[in-house]
Every structure is written in structure tokens, then in C-alpha cells.
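What follows is one structure encoded as C-alpha cells, with my remarks underneath.
Naming: A, B, ... by sequence-line order, numbering from 1 per chain.
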Amino acid sequence: MASTPTVADIGSDYNRRYGFHDPEEYFMRTPKGLSHEVVEAISLLKKEPEWMRVFRHKALDIFLAKPMPTWGDTARLATIDFDDITYYVRATEKQEKSWDDVPENVKRTFDRLGIPEAERKFLAGVSAQYESEVVYHSVKEELTKQGVIFLDMDSGLREHEEIVRRYFGTVIPSADNKFAALNSAVWSGGSFIYVPKNTEVAIPLQAYFRINAERMGQFERTLIIADEGAKVHYIEGCTAPVYSSSSLHSAVVELIAMKGARIRYTTIQNWSNNIYNLVTKRAVADEDAVVEWVDGNIGSGLTMKYPAVILKGERAHGEVLSIAFAGPGQHQDAGAKMIHLAPHTTSKITSKSISKGTGRSSYRGLVKIRNGAHGCKTSVQCDALLIGDAARTDTYPTMEIDEDQVSVEHEARVSKIGDEQLFYLRSRGLKDDQARLMIVNGFIEPFVKELPMEYAVELNRLIELEMEGSVG
Amino acid sequence: MNENARPVFSCHGVHVRIGEKEVVKGVDLAVLPGEVHAIMGPNGSGKSTLANSLMGHPAYALTGTVELAGEDVTALAPDEKARRGMFLAFQYPVAVPGVTVASFLRAAVSAVRGADVPVREFRKEMLARMEDLEMDPAFAGRYLNDGFSGGEKKRVEILQLLMLKPKFALLDETDSGLDIDALKVVAKGINAAASNDTGMVLVTHYQRLLNYVRPHVVHVFMDGRIVRSGGPELALELEERGYDWLEPAAVGGV
Ligand SMILES: Nc1ncnc2c1ncn2[C@@H]1O[C@H](COP(=O)(O)OP(=O)(O)O)[C@@H](O)[C@H]1O
Ligand SMILES: [Mg+2]
């Protein structure tokens, strides 16, 4: 690794400095590990504008300077080997893995969920691209008519540089946290959406319409802007397990809801268990805007994710509805942040978690009400369900309320599948595992009912798989 | 009812322990198809313990034998008993949040009938039974027993009885906490089940329900035992004189 240049040096003479004469050929994938050369190569390969290149290099310096988080699952975080990660692989290079390398349990789950062949290969990282062309094209035509921009982030930057430049990194600055800095340095893929004033996108926009390796990369970057009075629902991820041999998923998602706009962002995350899922998601809501995060975490070994809404304009409303399923060996550290900056803003956090076997779930939340933000209302509800004696759950709620005239509700509950509930259901002919599954499905129902039909069905089926063979 | 009919349900020498404590101390019962027995007894005498343990509650240790339709079901799990046609209407039905009455009922009906019932057919049947029980159809979409009033819970128990059509049902204080209109509706359901040949044991400590459901046999239950059995007139006598004159020590088992 070469010595780290200062940001001011970067960009003036990269050819002389790094000597990448033919990056297209040389950098089909960057070498393992993180350095300014790697960042430079990524930016060069993408033919990015100067400001983005500088942005990346600055972010890398921040990443290198920032210590690891001192909270959360620090023991597990310490096991991330940043030198052993490939930070950028071109989409076309992702095909080299063989179907035989995909773990048996992942294949079995594909079977059980009935995922079509072409999708399986993509989800398992065997093929680079899966496009459901027909759906995507009809959707795209409709969007174009409305003036809605829906692109992957790289294309967004190329085709709408002015908008991207204006908003990129404004909601989540690189210095926000170590992983946001990492993403800012090496991001690739993700979605870019702009919805014009008073425009309502009738159907949920799904990354799934056109999932490809770029879009569902390890370091994806998403920016959604809903102009005044606009309305959009975006869905990220899918219930099928996504297998990747690379261990770190560190995304950044920024949402901007202008006056009177509405954004709902739904995530179903089912990464395979070897993955650290460390994601920063934050929205800014102007006057009368509504932002809802609907966030489901089923997979990954360790998730740390706390979707946030900054309630900047009067009467803005923020909501986080989340479920986490922590199976044996998994740790789901999830939560929410609501920052009330303006009067009469309201927020609601509903967090549901299921821990099974040695699974562990944590709720970590922050509600902040600034002095002068009078008439605010917030309610936080955390429900944890434990299955088995080894399962664990913790809550770390933080309330920073600097204003008197507000209404704050907080409720936390931990439960187990009750013997009396089980007996009741079994006395109606349901077998033990059927009865347990019914109770668990009931527990997550408030979440499931917010999902589009096909996702709801898949999620229930997935929970069924996760519940298999559970005792206690 | 046929004099020669064989009991649809019987139990012999049933004892139940909760931990160290013996709560049920030797109970024998034999119920014919379509026959209604009433078990009446003071609070805390062990009626619910008997009913729950007969259904197979895992927390209670039952000894003795339990037969359903001529087969020994003593050691079977509650779901197995249910699938063979046994039913318990709970004194305190538990809530299962997030599970609608309709989806729960459909799962139960499918489990007990051994085949998935088509949605349309199922809905039709469910709505008809709900109408019989004067229930608002909106009930089907509510979460099972979640936030239900006492009376609503009891109606839902009877709805299940009518949908599952068991061979034998234990009804544990299905009459308590009901106003007179609700009581009549519940009685109507019980009578409908009886005319479908369901044998039943009604556990109650009021005579009230028996004004609308005429039992064939009345048992007085005290301190874990049946201390006396008789016809419907026994219920009236209990109403007038209370239980004190029937001290278990003085009377002995039946
Ligand atoms: N789960 C239990 N654990 C301990 N004691 C119990 C339990 N259930 C019932 N009992 C006791 O058993 C006795 C009979 O209770 P129960 O069967 O509920 O009476 P009844 O239904 O006739 O009012 C009471 O003394 C009660 O306290
Ligand atoms: Mg009782």
C-alpha cells in the first residue's frame, strides 16, 4: 500500500502518482484492502466528476481516522478484517463463482421459497444480473411520463449530476460514523430517485424490478428526493436469502421529503449469516412531510441499523416500524432515531424482535426533542419475543427531551410463547409447531400487514422456515 | 337418545395433581352422544383442573383412564384429542394477538377435519354460524380474544364448538359473566351442538344456564370429587340450599 496522500494532493496527477494507464482492464476488481489507490481506481473506472472523486478520498481519510464504534456488539465488530475485503468488483466479474460454492442451507431455502432458477443464481451471487424486463419496462415508461427519475445511483450521477451534487451526502455526511465514511469512499450501486412536485408514484418502486449486482452491492448508496407534495414508496431487498461470500454490507440511504411530501421506505433484509450488515439510513422531513421506514431484518450475522428521521419542518411526521428475527448465532442490533427540531412534529417507533436459540436482538433508540419544539408527540413501543432459554434481548432507549410541552410515551415488553396460548391452540387441533408458528406470525402481523401482498406471503413463509425445529 | 348407546366419552378413577397437591381425587364419568351433563360445584373445588387435565393440559399430572368414542386417549396430546373429536371451551380463553378469528378458525377446522377447507366455503359456513350466535361479521377480522369482553370471548368459544363439531365437549363456565341475552345465545349454541349428537359436560356454578339448557344428569362436585349425581331437579335443590349440606366426608363418592 502506498503512503496516504492528503486530500489536497488528490486528483491533480493521478497518472503519475498511481500509474493506472488502463484501469478498465486492470481493475475489473480492485485488490483486497482499502487504500487511496483503490478509491481512486473506483472513481476513475466509473468516470466520475471531480467533486465525487474528492468526496470519496476525503471520506476515506475520515474512515481511517475514525475509531470503531465503542457501543453495540463491539466484540463482533472487532472481527471485521477490512484488509480482507474486495471493495469493488465490476458487475461482469461477479459471475465467476460456481453454483456448487453456494451453501446447502441457502439452496434449500430457495427451494422452499420457490424462487425461480434465474433469480436464485443472481441472489446467490452466481450470475451478475437478473432483470424482470417486462415488468421493469412498463413501469419505466409510466415513470418517464410522470417525470420521475428512477435509476441506479451510478447512472443517476452520470445523467443528473446537478441534482445528485446538490443532495448527495447532505443528510448523512461522511463524518457521521465510521461505516458511513466507508460507504462514502467506496460506494457503488444503489438507487437514485427523484419525484417531481405533487407527483404520486402509484406503485411501489422496487429495486427488484431490475436487480443486478450493481444495485445490490455491498456498498450501495441510495438517495431519494420527493419534491413538494410528492409521494413515493420504495422497496429494497427481498425475502429470499442473499448469499455473498464477501462479508461486509455497508449501505447509506438518504431520503429527502420536502414540504408535504410522503416517502415510505420498506426493507426486507435476508443476508446470509456470514455478513455484517452495518447500514446508515436517515431522512429529513420538511413541513407537513411524512417519512416511514418499514424495516425487516431476518438475515446477517450482525446487523446494526437505526433508521432515523430528522423532523425539520412543523407538523412533520416520522415513523419506524421494524421487525428483527435473530436465529441461532445472529445478533440483530436495530432501532430508530427521531430528532424533533420543529414544533408540532410527531413520531412513532414500533420495534418488534424475535430471538430464537442463541439469537440475540437489541433495540437501540434515540428520541430527541429540541428546546422550543413545543407540541411534539412521540411514542415508542418495543416488543420482544424470546423462543428458548438461551435467547436474549436488550433495550437501550435514550430520550433527550429539552422541551416541556410535549407528549412522550414509552413502552417495552418482553414475552415468551405462553404455555396457556399453546395449550389453547393445541386444544383446537393445531400441532405444537403449527401453534408456535401461529403465535409468532401473530406477533409480527402489525409489520406484515404493512407489506405488499407478495412480500407478506413470502415473509410468512420465511418465518415458517426459521421456526422449523424450534423448541422451548 | 338410545338406551343402548355407548358413551362417547368416559373417564375412570381420574386423579390430578398440581405439583405436590392432589386437586382431583377420583372422578368417573360416562357421557352418551347428545347427552348433556352439568357439573356444579363451589369455586376452587377443582372443576377447571378436571376439565383442563382431561383435555391434556401439560402442566397437570393425570392418572386414571380417559376414553373417547371407545378408545383410550389418556396419554394423547391435546391436539391429538382435538383431532379425534374432543373440545374444551375455556373458562378464560387466552388472547392470541395478530391472529384473526377467521384465520385461526380456518386453521382449526382444517386440522380437525383433516383437510383444508376452501376459503369461500369456509367463510360461508363461519358467517352462518356467527349469525346464529348474533355476532357482528366484523368479528371475523378481529384478533383472537384480544381485547374481547368476557361475553365476546364466550361467544367465540361457542362459535368454535359449532364449527369444529366435536364428538364430545367440555364447557368450563361458558355461562359466567354473561348478561341474559348473551346467555340465551350461548344456550342456543349448546342445544344446537347437542342436537348434532355432541356429548357435553357443562361446568358451572350457577343454575341459571340450566333454565335454557336442560341437562340429562347433574353432578355435584366438591373438593375434587363428584359427591352426588341426579337429574335436573338436583340443580334446583343446589340453588335453594347451597352446597353445605353435601359435605364430601358425609356423602362420599357416587
Ligand atoms: N396452575 C395451578 N397451580 C397451582 N394451583 C392451581 C393451579 N390451577 C388450579 N390450582 C388450584 O387448584 C384448586 C382448584 O382450582 P380450579 O380447578 O380452578 O377450581 P374451580 O374451577 O372449581 O374453581 C384451587 O385451589 C386452585 O388454587
Ligand atoms: Mg374454574
Residue pair A/I439, B/V96: steps toward the side chain to side chain contact (heavy atoms under 4.5 Å, CB included) verdict: CA-CA 7 Å; A/I439 293 166; B/V96 188; 4.2 Å; yes

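Pairing each heavy atom of A/G429 with each of B/A82, the nearest pair is N-CB, 3.3 Å. Pairing each heavy atom of A/F423 with each of B/P58, the nearest pair is CD1-CD, 4.0 Å. Nearest heavy atom pair, residue B/A111 against residue A/L430, reads CB-CD2, 4.0 Å.
Remark: B/K165 NZ is packed, more than 12 non-hydrogen atoms of other residues, nucleotides or ligands lying under 6.0 Å away. Within 6.0 Å of CZ on B/R142 lie more than 12 heavy atoms contributed by other residues, nucleotides or ligands. Heavy atoms of other residues, nucleotides or ligands lying less than 6.0 angstrom from CG of A/D394 number more than 12. Atom NZ of B/K25 is surrounded by more than 12 heavy atoms from other residues, nucleotides or ligands within 6.0 Å. Within 6.0 Å of OH on B/Y92 lie no more than 12 heavy atoms contributed by other residues, nucleotides or ligands.
Taking CE of B/M86 as the reference point, atom OG of A/S427 lies at 10.0 Å (rounded to 0.5 Å). A distance of 7.5 Å separates CD of A/E420 from CZ of B/F90, quoted to the nearest 0.5 Å. Atom CE in B/M55 sits 11.5 Å away from atom OH in A/Y424 (nearest 0.5 Å).
Without hydrogens or angle criteria, A/R426 side chain to B/P78 main chain gives no donor-acceptor distance under 3.5 Å. Side-chain atoms of A/R428 never come within 3.5 Å of backbone atoms of B/L164 as a donor-acceptor pair (strictly under, hydrogens ignored). Between the side chain of A/Q421 and the main chain of B/A95, a donor-acceptor pair closer than 3.5 Å is present.
Within the 4.5 angstrom heavy-atom criterion, atoms from both the backbone and the side chain of B/N52 approach chain A. With a threshold of 4.5 angstrom between heavy atoms, B/Q160 approaches chain A through side-chain atoms but not through N, CA, C or O. Both the backbone and the side chain of B/F104 come within less than 4.5 Å of a heavy atom in chain A. With a 4.5 Å cut-off on non-hydrogen atoms, B/L144 touches chain A through its side chain but not through its backbone. Heavy-atom distances place no part of B/P166 under 4.5 Å from chain A, backbone and side chain included. Only the backbone of A/F443 comes within less than 4.5 Å of a heavy atom of chain B; no side-chain atom from C-beta onward does.
Comparing B/E80, B/R84, B/K81, B/E157 by how many heavy-atom pairs each has under 4.5 Å with chain A, the most go to B/E157.
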